[in-house]
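Just below is one structure, and these are the notes that go with it.
Heavy-atom basis, side chains included; hydrogens, waters and symmetry copies ignored. All chains are named by letter (A, B, ...) in the order of the sequence lines, taking the proteins before the strands, and each is independently numbered beginning at 1.
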Amino acid sequence: MGLYLKSIWMDMKCELEYKLSFVFTMVASALSTLFTLLGTIILLRKFGSVDGWTISEVMLVTGIAVFGHVVTEMFGRGLDHFYKQVKSGLLDRILVRPRSITLQVLCSDFQASKIGRLLEAIVILIYGIATVNVEWSFYKILVLIMMVGGSAILFFSILLLKASFSFWTIEGMEFMNILSDGGRDLASYPISIYQKWFANIFTYVIPFGCVNYFPLLYLLGKGNAPFWYGLTPLVTLLFLVISFGVWKVGLASYQSTGS
Amino acid sequence: MSATYGPNGAGKSTTTKIMCGILNPTSGECIINGKVPYKQRKDYVKDIGVVFGQRSQLWWDVPPDDSFYLLRDIYKIPKSNFEETREMLIEKLNIGEIVNVPTRQLSLGQRMRCEIAASLIHMPKILFLDEPTIGLDAVSKITVRKFIKELNEQYGTTVLLTTHDMQDIEALTNRIILIGKGKLLYDGALTDVRKKYSSKSNETSSIDEVIAKMYTDMKIE
């Protein structure tokens, strides 16, 4: 952990070497989320609700998706750009150091400039939590924490998968961005508004629905959702374990074939 | 101290990578310091230092000294040992004036000296040098060579050098390992190679010519 904090400090120093770029990135990433969000708010104001979901409820759903996404953007940048490390041979440098490879990859990049977007995500989350019509109990607060944590775990796992694929190919990495960036945008709405088959993908294949839609049904008491709907964010742990397995297999394959 | 030599594509880098624990060999086994590099990676690599001439291991946007301090944490070097080694390296590699300049602003020669310092900050038992003098000017080349020789003599560090530069080999070592097409062609004294192959042509042939000749002969065999 000490090494991780020191590495993050180093990454920040590197990033701040280019102050103007830092400021621009910070503002731009915050603005892009803000505009998407404004679009949603304007639409919801016009129609009052989406498929029976109020503004507060949609904000909560959005907040959870955006928060999980931005946290992994900040801390998991090393995984996001891992294919570049494979390409440039920086991975070899990681391999000749006596520390965990995963830790070193995570240490290799930290995006402090996403702080603007992070604050935004927190504001959306707080707004959603404060205005949503839920009778809070100890269990329901626990569910909420699991939703937020599950969202971060899910986006992190997707980055881990993306990084793993670069052991086999460094082409077509943009495809994986559909899952991370695209996933964030899709998961910003309750998945019930999508077609059935589409919603199924986001439940059983990549469990976005499990971090906001299903547990929220329980929190709101919609459609007599049973209490175990509140536990669905735990599914993301399974997703993480699988991703980590793929990562390990990829690493072993790199070591036996070379670059 | 030994030098591996061979034409492009002979397998020098791959061999080095296997010895550094980066790659698994398809067949055969590699044991260094009683450890198998690619199986006991973490345990093994703490005793080795690696310099890849064409890749940097310093953090690009900050001064080399910052990299040294982060490496201290990566290798978990005790404070007193670290300060001692750091001062010794700064003095011997003559980098006192440049360790506080961001790495990206350094010339290749300056950077290479810092790279070597970074790879030795944990005082490894074995140092792997993959083309350490590639693209360096004469002064930097000589500083680097002189330092490596000193390191080997004073601290008993094993040095495995991979290079295309015959002068590197001449200046540093007498043991040469020649490989080609993945096969070991020769392992022995450089002076013997010189005797054997220059007598066939003329006495004054340069070391590059001697090696080129030997290589052609080896292929015929």
Side-chain angles (χ1 to χ4, degrees), chain A residues 1-22 25 77-78 81 84-113 167 247-259, chain B residues 11 13-27 37-63 65-77 102-105 115 118-119 121-122 124 126-128 130:
Chain A
M1 200 61 200
L3 175 63
Y4 183 67
L5 291 177
K6 278 179 184 152
S7 299
I8 282 187
W9 176 239
M10 186 83 135
D11 296 332
M12 275 177 73
K13 265 201 211 165
C14 291
E15 210 181 344
L16 286 167
E17 275 286 307
Y18 309 92
K19 293 191 181 62
L20 197 63
S21 155
F22 178 84
T25 316
R77 179 74 159 198
H81 284 184
K84 288 183 185 162
Q85 298 196 6
V86 174
K87 207 170 163 183
S88 65
L90 277 179
L91 176 60
D92 292 351
R93 160 174 116 175
I94 285 175
L95 284 165
V96 297
R97 286 178 182 161
R99 288 304 189 96
S100 137
I101 294 160
T102 319
L103 175 70
Q104 288 189 72
V105 173
L106 289 178
C107 284
S108 67
D109 207 347
F110 171 74
Q111 285 263 294
S113 58
F167 288 121
W247 167 252
K248 286 280 172 193
V249 171
L251 198 57
S253 130
Y254 174 83
Q255 286 183 293
S256 55
T257 53
S259 46
Chain B
S13 292
T14 308
T15 311
T16 312
K17 280 182 178 178
I18 290 171
M19 290 194 288
C20 294
I22 295 171
L23 295 180
N24 293 333
T26 10
S27 66
Y38 38 90
K39 284 185 186 150
Q40 293 144 282
R41 191 187 68 82
K42 264 195 249 180
D43 193 27
Y44 168 76
V45 294
K46 64 176 197 284
D47 292 327
I48 67 163
V50 188
V51 176
F52 292 114
Q54 316 207 43
R55 282 168 200 163
S56 179
Q57 60 164 336
L58 299 164
W59 278 258
W60 194 244
D61 291 317
V62 292
D65 213 21
D66 287 15
S67 292
F68 298 162
Y69 277 92
L70 194 60
L71 284 167
R72 183 191 71 190
D73 293 315
I74 290 177
Y75 286 98
K76 301 179 185 163
I77 311 165
T103 303
R104 63 168 193 279
Q105 291 171 13
E115 294 279 350
S119 69
I121 203 83
H122 57 296
I126 309 173
L127 177 65
F128 291 93
D130 191 4

*Residue selection (most heavy-atom pairs with chain A, distance under 4.5 Å) from B/Ile18, B/Val50, B/Asp66*: B/Asp66
Given a strict heavy-atom distance threshold of 4.5 Å, which part of [X] is in contact with chain A: side chain, backbone, both, or neither?
{"X": "B/Ser56", "answer": "backbone"}
{"X": "B/Phe52", "answer": "side chain"}
{"X": "B/Leu71", "answer": "side chain"}

*asked:* For A/Arg99 and B/Tyr75: C-alpha separation, side-chain torsions, deciding distance, then whether side chain to side chain contact (heavy atoms under 4.5 Å, CB included) applies.
replied: CA-CA 8 Å; A/Arg99 288 304 189 96; B/Tyr75 286 98; over 6 Å; no
_Tell me the closest heavy-atom pair linking A/Leu95 and B/Arg41, and the distance in Å._
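Answer, listing the atom of A/Leu95 first, then B/Arg41: O-NH1, 2.8 Å.
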*So which of A/Pro98, A/Ser108, A/Cys14 has the biggest tally of heavy-atom pairs under 4.5 Å with chain B?*
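Most heavy-atom pairs within the cutoff with chain B belong to A/Pro98.
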_Under 4.5 Å from a heavy atom of chain B, the part of A/Ile101 involved_ =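 Both parts, heavy atoms under 4.5 Å.
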*asked:* Run the side chain to side chain contact (heavy atoms under 4.5 Å, CB included) test on B/Leu70 and A/Lys6 for me, step by step, so that the C-alpha distance in whole Å, both residues' side-chain angles and the decisive distance to 0.1 Å come before the verdict.
replied: CA-CA 7 Å; B/Leu70 194 60; A/Lys6 278 179 184 152; 3.9 Å; yes
_B/Ile22: which of A/Asp92, A/Leu91, A/Ile94 passes side-chain contact (heavy atoms from CB on, under 4.5 Å)_ = A/Asp92
*Between atom CZ of B/Arg104 and atom CD of A/Glu17, what is the distance when rounded to the nearest 0.5 Å?*
4.5 Å
